[in-house]
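Beneath this line is the structure, given in structure tokens, with notes to follow.
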Amino acid sequence: MVNLNSAHAYLPSLLDINRVTPYAVGFDRLFDQLKTYAEHQVQSSGFPPYNIRKEEEKYFIDLAVAGLSKKDLEVEVAEGVLTVRSTYEGIDTNNVLHRGISFKKFTRKFTLADNVVVTSAEYANGMLTVALERILPEEKKPKLIPIK
């Protein structure tokens with residue numbers, strides 16, 4: 001496993017964006033975002049399985065959480081990170097002869113782009129669907145600059 005802290009220490013010298021292209025302005029934050037993304041992937045478990053779908057400017061993250069109910073799940077957005085976690089405490093296993101169905105706590109993190117917002121979360125038939133939308137702010141839309 002790569003030690004992200006030591007790898008991040010070398011990024012400014014190895015990948016100084018202003019040396020790569022003199023036409024880039026304000027991209028130094030990109031490397032901090034990549035480090036954060038990598039840290040979230042290390043912290044997230046491989047459970048639950050999920051799909052990401054795109055329909056025009058909307059995205060949907062479908063997580064397979066069979067056996068859990070709405071009260072066993074939390075969806076949180078903070079500082080550009082969508083976190084889905086379970087709060088399920090488990091079942092009484094005293095009467096279980098064979099345990100083949102996994103019930104475990106999990107945390108799954110998704111790094112969001114600056115202009116992506118979470119619009120809703122729905123649970124049905126063992127699937128949690130989180131809806132996201134790309135919102136293009138007025139300042140990022142193309143505009144003509146008048147010449148004086």
Side-chain angles (χ1 to χ4, degrees), residues 1-93 96 99-143 145:
M1 185 183 298
V2 175
N3 182 343
L4 295 174
N5 291 329
S6 64
H8 181 64
Y10 295 106
L11 279 178
S13 62
L14 292 176
L15 298 173
D16 186 0
I17 194 67
N18 292 326
R19 289 188 205 162
V20 175
T21 175
Y23 307 109
V25 178
F27 280 91
D28 41 331
R29 191 174 138 227
L30 176 67
F31 297 111
D32 290 335
Q33 288 176 325
L34 288 172
K35 177 182 180 268
T36 302
Y37 169 77
E39 288 172 347
H40 293 158
Q41 296 311 305
V42 170
Q43 293 171 357
S44 290
S45 64
F47 184 82
Y50 66 92
N51 293 331
I52 300 177
R53 298 179 285 124
K54 182 178 180 188
E55 297 173 10
E56 297 177 15
E57 294 301 314
K58 296 182 180 182
Y59 296 87
F60 300 91
I61 301 174
D62 301 315
L63 296 106
V65 290
L68 299 176
S69 67
K70 286 193 280 189
K71 66 180 177 75
D72 298 325
L73 299 166
E74 289 181 349
V75 178
E76 175 185 25
V77 179
E79 298 181 21
V81 177
L82 167 66
T83 304
V84 180
R85 69 177 66 88
S86 67
T87 58
Y88 185 69
E89 294 297 327
I91 60 172
D92 180 17
T93 58
V96 177
R99 185 170 180 186
I101 300 173
S102 175
F103 292 104
K104 57 185 172 184
K105 286 190 174 185
F106 67 85
T107 298
R108 174 71 80 172
K109 294 187 178 192
F110 301 91
T111 304
L112 305 177
D114 289 338
N115 56 351
V116 172
V117 296
V118 177
T119 57
S120 68
E122 295 180 21
Y123 178 85
N125 300 324
M127 295 292 288
L128 175 66
T129 300
V130 181
L132 306 104
E133 186 172 358
R134 180 182 301 274
I135 306 292
L136 192 59
E138 286 298 320
E139 64 268 8
K140 292 198 176 193
K141 291 181 182 177
K143 63 180 176 181
I145 308 299

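As the structure is a computational prediction, the values presented were derived from the model and not from experiment.
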Would you give the length of the straight line joining atom [atom1] of [X] to atom [atom2] of [Y], rounded to the nearest 0.5 angstrom?
X: Leu68; Y: Leu128; atom1: CG; atom2: CG; answer: 9.5 Å
X: Ile135; Y: Asn115; atom1: CD1; atom2: CG; answer: 8.5 Å
X: Thr83; Y: Arg108; atom1: OG1; atom2: CZ; answer: 11.5 Å
X: Thr119; Y: Tyr59; atom1: OG1; atom2: OH; answer: 13.0 Å
X: Thr107; Y: Glu74; atom1: OG1; atom2: CD; answer: 9.0 Å

Hey, are the side chains of [X] and [Y] touching, using non-hydrogen atoms and a 4.5 Å cut-off?
X: Leu73; Y: Phe106; value: yes
X: Val65; Y: Val84; value: no
X: Val118; Y: Leu112; value: yes

Does anything in residues 61-73 pair up under salt bridge (Lys or Arg N to Asp or Glu O under 4.0 Å), and if so which pairs, sequence neighbours excluded?
Arg53-Asp62
Which pairs pass salt bridge (Lys or Arg N to Asp or Glu O under 4.0 Å) with one or both residues in residues 120-137, sequence neighbours excluded?
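Counting only pairs at least two positions apart or across chains, the salt bridge (Lys or Arg N to Asp or Glu O under 4.0 Å) contacts touching residues 120-137 are Glu57-Arg134.
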Testing the basics here: between Pro48 and Ala64, what is the closest heavy-atom pair and its distance to 0.1 Å?
CB-O, 3.2 Å
Qualifying residues under side-chain contact (heavy atoms from CB on, under 4.5 Å), relative to Lys143, sequence neighbours excluded
Ile145
